[in-house]
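Contents: one structure, followed by commentary.
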Number of protein chains: 2
Amino acid sequence: MNMMQYDYIPPVDIKTEPYTPETAHGPYIQIIEEPKQRGFRFRYECEGPSHGGLPGASSEKNRRTYPTVKVSNYVGQARVEVQLVSHTEPPRAHAHSLVGRHCTESGTCLLDIGPTDLTASSVACTQHHLHTRHEAGMSLPAVMSLPAVIFSNLGILHVTKKGVVEVLSRRLRDERKRQKGAHHPLTGRLPLR
Amino acid sequence: MNMMQYDYIPPVDIKTEPYTPETAHGPYIQIIEEPKQRGFRFRYECEGPSHGGLPGASSEKNRRTYPTVKVSNYVGQARVEVQLVSHTEPPRAHAHSLVGRHCTESGTCLLDIGPTDLTASSVACTQHHLHTRHEAGMSLPAVMSLPAVIFSNLGILHVTKKGVVEVLSRRLRDERKRQKGAHHPLTGRLPLR
DNA sequence: GACGTGGGAATTCCCAGACC
DNA sequence: GGTCTGGGAATTCCCACGTC
């Protein structure tokens, strides 16, 4: 599970957007439950899809929990995006991918939620970090918030050593392309652990 | 290590030659040291050649021993051949191969020894058996025998599941061809364990 | 430095049971 | 019966160290 093997990765920092700490006046993300740090088995592409998702840190045999976040100090349409990053400071793009419900081809988990949604599902990480972005059009006075987002089906697709360069190149290319695109005024980053 | 997986193999018995028990009047093979039954790691073809040989049953860290046999009640030129067989009764051809010094393309270990040779080296097995044939032109009164044959470099090449049918087919074909060929008057079989 | 030995780890296969 | 979950085992890679 040692990610140190990827340290030779070109130091391209994808974290260029303004950082929004939890103490900010605007919307912010709360980590309700971290993903469990041990005992989760990575899956390779060759193993096919769906082999179960990351359990929550406090998950148990009988009472399963899942990684959970919450968009606080905000009410309205919102988008939560989760992606794997390195555990370095600053966090960098990671070659492994998030797979499962709500996950995209690019290895991230994208989820649109509204004020009426109860819960969502799917996404997390292990010794890595999770990057979470939230985009919103307006903010409201404190206390107000959206319902928790529960990622109940979030797997990690382990890239093989041979595939690292290819996957990471694609990922960084996509990231640059993305940054040239539409602006996301309220976008921030929040590493999970 | 369970060889039961090969039980579906066509029941072609390659043991058609006359059996020569150790109590016979003529030459016979003595097992001086069996191969160690546990702790030996099989190697696959993809791992390349030479990853060490089978240790003897009584082998230890500091004092290594090796599978050893002895042709007794005989003096003169002799040939010792070792091959892997199943642990069934009667023994059948086994898909795995013996590799290492004195081993042939066909997965057996072939060794010609004479009255002046001191020791030889290379060959063995694990939970399988070893078939040993000895061929000789003449026999002498008891007590006389050739020096021990020490197989100090005998590895087992593990055939993959995908390769079983192919390897075994080839092996059985070779065996039939062999039996049609030259006769070996004093040839016998002796399973190691 | 190439090769022989040994052994840890990465990757792939594949099966059993739960669930739909 | 087909898919989802979980996990054991098979296969492949690859590295460390001693020897020639």
Side-chain angles (χ1 to χ4, degrees), chain A residues 1-6 8 35-36 38-56 59-67 94-103 121-124 126-127 151-167, chain B residues 1-6 8 35-36 38-56 59-67 94-103 121-124 126-127 151-167:
Chain A
M1 305 300 193
N2 187 353
M3 291 300 121
M4 288 305 100
Q5 56 188 300
Y6 299 129
Y8 64 82
K36 179 166 284 189
R38 317 183 76 82
F40 183 71
R41 174 164 161 173
F42 290 158
R43 291 298 179 168
Y44 292 83
E45 195 159 30
C46 69
E47 295 194 85
S50 61
H51 276 270
L54 275 167
S59 189
E60 292 174 33
K61 191 84 176 188
N62 299 318
R63 173 167 173 61
R64 297 186 67 81
T65 65
Y66 303 95
H94 199 288
H96 294 170
S97 299
L98 288 174
V99 292
R101 216 170 333 173
H102 303 303
C103 289
S121 21
S122 191
V123 187
T126 308
Q127 298 175 316
F151 299 103
S152 63
N153 180 261
L154 192 59
I156 293 180
L157 184 61
H158 198 107
V159 67
T160 63
K161 289 180 179 177
K162 290 202 302 188
V164 172
V165 172
E166 181 189 332
V167 172
Chain B
M1 305 300 192
N2 188 353
M3 291 300 121
M4 288 306 99
Q5 57 189 302
Y6 299 132
Y8 63 83
K36 179 167 285 191
R38 319 183 75 82
F40 183 70
R41 175 164 160 173
F42 290 157
R43 292 298 179 167
Y44 291 83
E45 193 158 32
C46 69
E47 295 194 85
S50 62
H51 276 270
L54 275 167
S59 188
E60 291 174 33
K61 191 84 176 187
N62 298 319
R63 173 168 172 61
R64 297 186 68 81
T65 65
Y66 302 94
H94 200 287
H96 295 169
S97 299
L98 288 174
V99 293
R101 216 170 335 173
H102 303 304
C103 290
S121 22
S122 188
V123 186
T126 309
Q127 299 175 317
F151 299 103
S152 63
N153 180 260
L154 192 58
I156 293 181
L157 184 62
H158 197 107
V159 66
T160 63
K161 289 180 177 176
K162 291 202 303 190
V164 173
V165 172
E166 182 189 331
V167 172

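Naming: A, B, ... by sequence-line order, numbering from 1 per chain. Note that the structure is predicted; figures quoted are calculated from it, not measured.
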Heavy-atom closest contact (A:A95 atom, A:V159 atom, distance):
CB-CG1, 3.5 Å

All heavy atoms of B:P55 vs all of B:F40, minimum pair found to be CD-CD1, 3.9 Å

Can you name the atoms? Protein N/O to nucleotides 13-19 of chain D N/O, anything below 3.5 Å, with the distance.
from: D:dC13; atom 1: N4; to: B:E47; atom 2: OE1; distance (Å): 2.6

How are the rings of B:F42 and B:H96 set relative to one another: parallel (under 30°), tilted (30 to 60°) or perpendicular (over 60°)?
perpendicular

Write down the distance between CZ (B:R38) and P (C:dG7), rounded to a whole number of angstrom.
16 Å

From the candidates D:dT5, C:dA10, D:dA10, the one with an atom nearest any side-chain atom of A:Y44 is C:dA10

Closest non-hydrogen atom pair, B:L54 against B:P35:
CD1-CB, 4.2 Å

To the nearest angstrom, the NE2-P distance between B:H158 and D:dA9 comes to 13 Å

A:F42 CZ to D:dG6 P, straight-line distance once rounded to whole Å
15 Å

Would a 4.5 Å heavy-atom cut-off, applied to side chains only, mark B:L98 and B:I156 as touching?
yes

B:L157 has an atom CG; how far is it from atom C1' of D:dA10, in whole Å?
14 Å

On a heavy-atom basis, the closest approach of B:R64 and B:G53 is NH2-O, 4.5 Å

In whole Å, what is the span from the CZ atom of A:R64 to the P atom of D:dC4?
16 Å

Write out the stems for DNA chain C, ordered by first number and formatted as range with range, counting runs of at least 3 consecutive Watson-Crick or G-U wobble pairs under 3.5 Å.
C:1-20 with D:1-20

C:dT5 P sits how many Å from B:K61 NZ, rounded?
15 Å

side-chain contact (heavy atoms from CB on, under 4.5 Å) against B:T65, all qualifying residues, sequence neighbours excluded
B:E33, B:S58, B:S59

So, does A:N153 get its side chain near the phosphate of D:dC4, meaning an N or O under 4.0 Å from OP1 or OP2?
no

Taking side-chain contact (heavy atoms from CB on, under 4.5 Å) as the definition, give me every residue that meets it alongside B:E47, ordered by chain and number, with sequence neighbours left out.
B:R41, B:R43, B:Y44, B:H51

Straight-line distance of A:E45 CD to A:S97 OG, nearest 0.5 Å
8.0 Å

